[in-house]
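Reading through the structure tokens given below for one structure.
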Amino acid sequence: MQQLKNHLTGLNDAQKEAVLATRGPLLVLAGAGAGKTRVIVHRILEIVRGGVAPEEILAITFTNKAAGEMRQRTLALLNKNDGGVLGGALLAGPFVSTFHSLGLSILRENFRALGLKRRPAIYDRADSLRAMKEVLKSLGADQEIEPRVALSAVSRRKGEGVTAGEYAEAAENHRERLIASAWLKYEKTLADDSALDFDDLLLKAERFLHENATARAAYQKRWPYVHIDEYQDTNEIQARLAELLVGPEKNICAVGDIDQTIYGWRGAQIANILSFEKKFPGAKIVMLEENYRSTKNILAAANDVIVKNVFRREKNLFTKNSDGELLSLYQAFDETDEALFIARKIAELMDPKASPVAGLRPKDFAVLYRANFQSRAVEEALLAANIPYQVVGTRFFERKEVKDALSFVRAALYETAPDVARASGVPARGIGKVTLLKMLAGREHELTGAVREKVISFRKLLAQLKEASGTLPPSQLMQLVMTRTGMEAMYKEDKLEGPERLENIRELVTLAARYDHQPPAEAIEAFLESVALASDQDELKENSNAVRLMTIHASKGLEFPCVFITGLEEGLFPYAREEESEADREEERRLMYVALTRAEKKVFLSYASYRTVFGSKTGTIPSQFLSDISQGLIEWEAPERLGKTIYLD
């Protein structure tokens, strides 16, 4: 028995309690840096040691990056500690995925039962936006409502579990009736393409399991043990989907932190984690409060901020790490001064002789901000200082040349209208708008002469790519796309932007190679799925030695030795809304808590006395978060050569 429990060595008492509680509902309230992923993977091992097959365990999280890391850690732990239980090296292991990937898996396995002509393609946000724009134009409503606004309203309601028909029935005013009409027509566009949008992956999967008792029971039998990571981030439909997957024995482990609920704006409901015990009576609650990431001073500051929130469970992070350095606060004149300070301080800390946390590399720094526009000044300062950086959120898969290359594969496999339209013009093939409309309407037989020949040639190209997708690994297929479509030749001729665009397509080939070990047909679908479900964190270049610039939302789940939290001004952070609720204010405070707890060793706080917004420079008021933090935890950073400046009206 002792040999079987060796894998518990190194876990603290609370972590062990969570790992050993393998039966019935369990809620693990894990503070930032408290080792929640470690608990999940060790708990999976404990379940396997109890005689459960690894493939009978489901673990769901929110990003491809988090799912990939959890999958790797779980397999490594199982293979290292099986003690002969598994009878050899484990290759597949538990089913670890994101919510959206899980939904897609369920829908693809049951596409016929759902009335789809084939396994569904996925519209990305750009495809959805384009479709909504065309729908609004066809309704003569494109001047009344922005496509992005309409799509956002649809997305939010889908996240609440509402269908287009239900929304149309409940519409109470002209705007809602307009959105309802657009939504219904948008759904027809998707259906005609046998496609689903990002939100359908959850809504339709949930509806299918809810209405099909046989399928629901089959999935519950397939995965009698369910783990949900980041449970505080679930919206209505995600929580319902998770509950439908939980079998009669209620073997669900939900892991989350109320203090890190920061996605209310996209539908996350803090009530899901607060009401867990009501949904699952008799649930065991385990608190993980020991932080392994940050210094005592950083945690003290984070606790000072979050303790003011009312909608939370009482929790106080602590650590056995050292006190560490005080938090540094810089009062800048304006955003340019703030950015120059950041660049200057990073350069200083990369000098091994500068301070106790010095000798750091560029990749050890993160600059966090509340709004994307704040990155511009910081980028300029880092460029001038010759410090490498990466802006996380500049999505690789949204670059034109990358979308073009991928559109050929999707057009070949699925014949989705947006992809056929995009691919037909790259490079220019003499297929104009009128010809394209006839192609998409199935009226190619009406074409004659040279135009008909061009369309036939394009169709032959797609047929060749489709045939190749069944025999070539994804990386070779993407290489074929580069050469056979003419994209490579086109970018070689473009001496201005061509080299960079060509390099991005080559990077796409490298990414595709990750799936080369799978059978070709399955591999290309897995690759396209990962592309469609990519998040901001999937853009992180792990091997790139560069300062990371990102919004605080994008930083969640990450950690860095040194973190700059910028723009700490009233109206910017906390962000001011026209109609602000107490829930909004608490979410902003949770966002500050998340920002602080990204740091391992050092935190720099900064605000500008004047900031230019919409072309106008205005005076600011320091953020209330600065006064929340005990002043004994803060030291002032002096402006270069001047000392601390006080600005008077």
Side-chain angles (χ1 to χ4, degrees), residues 29-37 61-63 65-66 229-234 255-270 272-273 288-289 291-295 297-313 315-319 327 365-372 374-375 392-393 535-537 540 548-568 572-575 583-606 623-626 628-629 633:
L29 296 174
K36 64 180 180 61
T37 303
T61 187
F62 275 80
T63 67
K65 182 176 184 293
D229 192 17
E230 305 287 7
Y231 194 71
Q232 78 282 348
D233 291 336
T234 54
V255 183
D257 183 4
I258 295 168
D259 294 335
Q260 294 188 71
T261 305
I262 60 173
Y263 294 114
W265 52 276
R266 71 181 187 194
Q269 296 187 1
I270 194 172
N272 289 337
I273 196 167
L288 301 184
E289 297 175 291
N291 175 284
Y292 292 90
R293 176 188 302 155
S294 307
T295 64
N297 286 332
I298 292 172
L299 289 189
N303 286 329
D304 281 349
V305 170
I306 202 63
V307 74
K308 291 195 170 185
N309 274 3
V310 174
F311 295 104
R312 64 187 294 261
R313 285 178 179 266
K315 181 172 87 284
N316 197 58
L317 278 183
F318 70 92
T319 185
L327 285 71
F365 297 91
V367 181
L368 309 183
Y369 36 81
R370 181 64 179 83
N372 279 304
Q374 294 174 254
S375 73
V392 178
S535 68
D536 285 350
Q537 286 190 9
L540 273 174
R548 313 299 206 231
L549 276 59
M550 67 186 84
T551 64
I552 301 166
H553 284 98
S555 75
K556 188 168 171 293
L558 303 176
E559 56 187 50
F560 304 89
C562 185
V563 171
F564 291 82
I565 305 173
T566 66
L568 282 160
L572 180 55
F573 191 28
Y575 187 77
D584 292 329
R585 288 188 285 273
E586 291 213 351
E587 183 155 319
E588 288 294 308
R589 196 170 286 114
R590 291 193 292 269
L591 199 56
M592 180 62 176
Y593 172 85
V594 167
L596 287 165
T597 53
R598 296 314 90 201
E600 298 170 356
K601 298 179 180 179
K602 180 67 178 179
V603 170
F604 289 93
L605 310 169
S606 63
S623 170
Q624 60 189 268
F625 298 147
L626 295 175
D628 287 342
I629 299 172
L633 297 172

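All residue numbers refer to positions in the sequence shown, counting from 1.
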What distance separates [X] [atom1] from [Y] [atom2], expressed to the nearest 0.5 Å?
X	Y	atom1	atom2	answer
F365	K602	CZ	NZ	11.5 Å
D233	I270	CG	CD1	10.5 Å
K556	L591	NZ	CG	11.0 Å
T261	N309	OG1	CG	10.0 Å
I298	L327	CD1	CG	6.0 Å

Taking [Y]'s backbone N and O only, do any of them form a donor-acceptor pair with [X]'s side chain (distance below 3.5 Å, no angle check)?
X	Y	result
S623	F573	yes
Y369	M550	yes
H553	Y263	no
N291	L317	no

With a 4.5 Å cut-off on side-chain heavy atoms, are [Y] and [X] touching?
X	Y	result
I565	R598	no
L605	L596	yes
Q624	P574	yes
K36	E230	yes

For [X], all residues meeting side chain to side chain contact (heavy atoms under 4.5 Å, CB included), sequence neighbours excluded:
X	value
E600	R293, E559, P561
D628	V305, K308, R589, F625
E587	W265, R590
S606	Y330, E338, T566

Identify, with sequence neighbours excluded, every residue that meets side chain to side chain donor-acceptor pair (under 3.5 Å) alongside [X].
X	value
T37	none
S294	none
T319	N321
E586	none

Who pairs with [X] by ring pair (Phe, Tyr, Trp, His ring centres under 6.0 Å), at least two apart in sequence or on another chain?
X	result
Y231	F276
Y593	none
Y575	none

Shortest non-hydrogen contact from [X] to [Y]?
X	Y	answer
D257	A32	OD2-N, 3.6 Å
D304	L633	OD2-CD1, 3.6 Å
V255	A30	CG1-CB, 4.3 Å
L368	S555	CD2-CB, 3.8 Å

Excluding sequence neighbours, so at least two apart, what forms salt bridge (Lys or Arg N to Asp or Glu O under 4.0 Å) with R370?
E588
Which is it for L558 and R548 under the side-chain contact (heavy atoms from CB on, under 4.5 Å) test, yes or no, and what are the steps along the way?
CA-CA 11 Å; L558 303 176; R548 313 299 206 231; over 6 Å; no
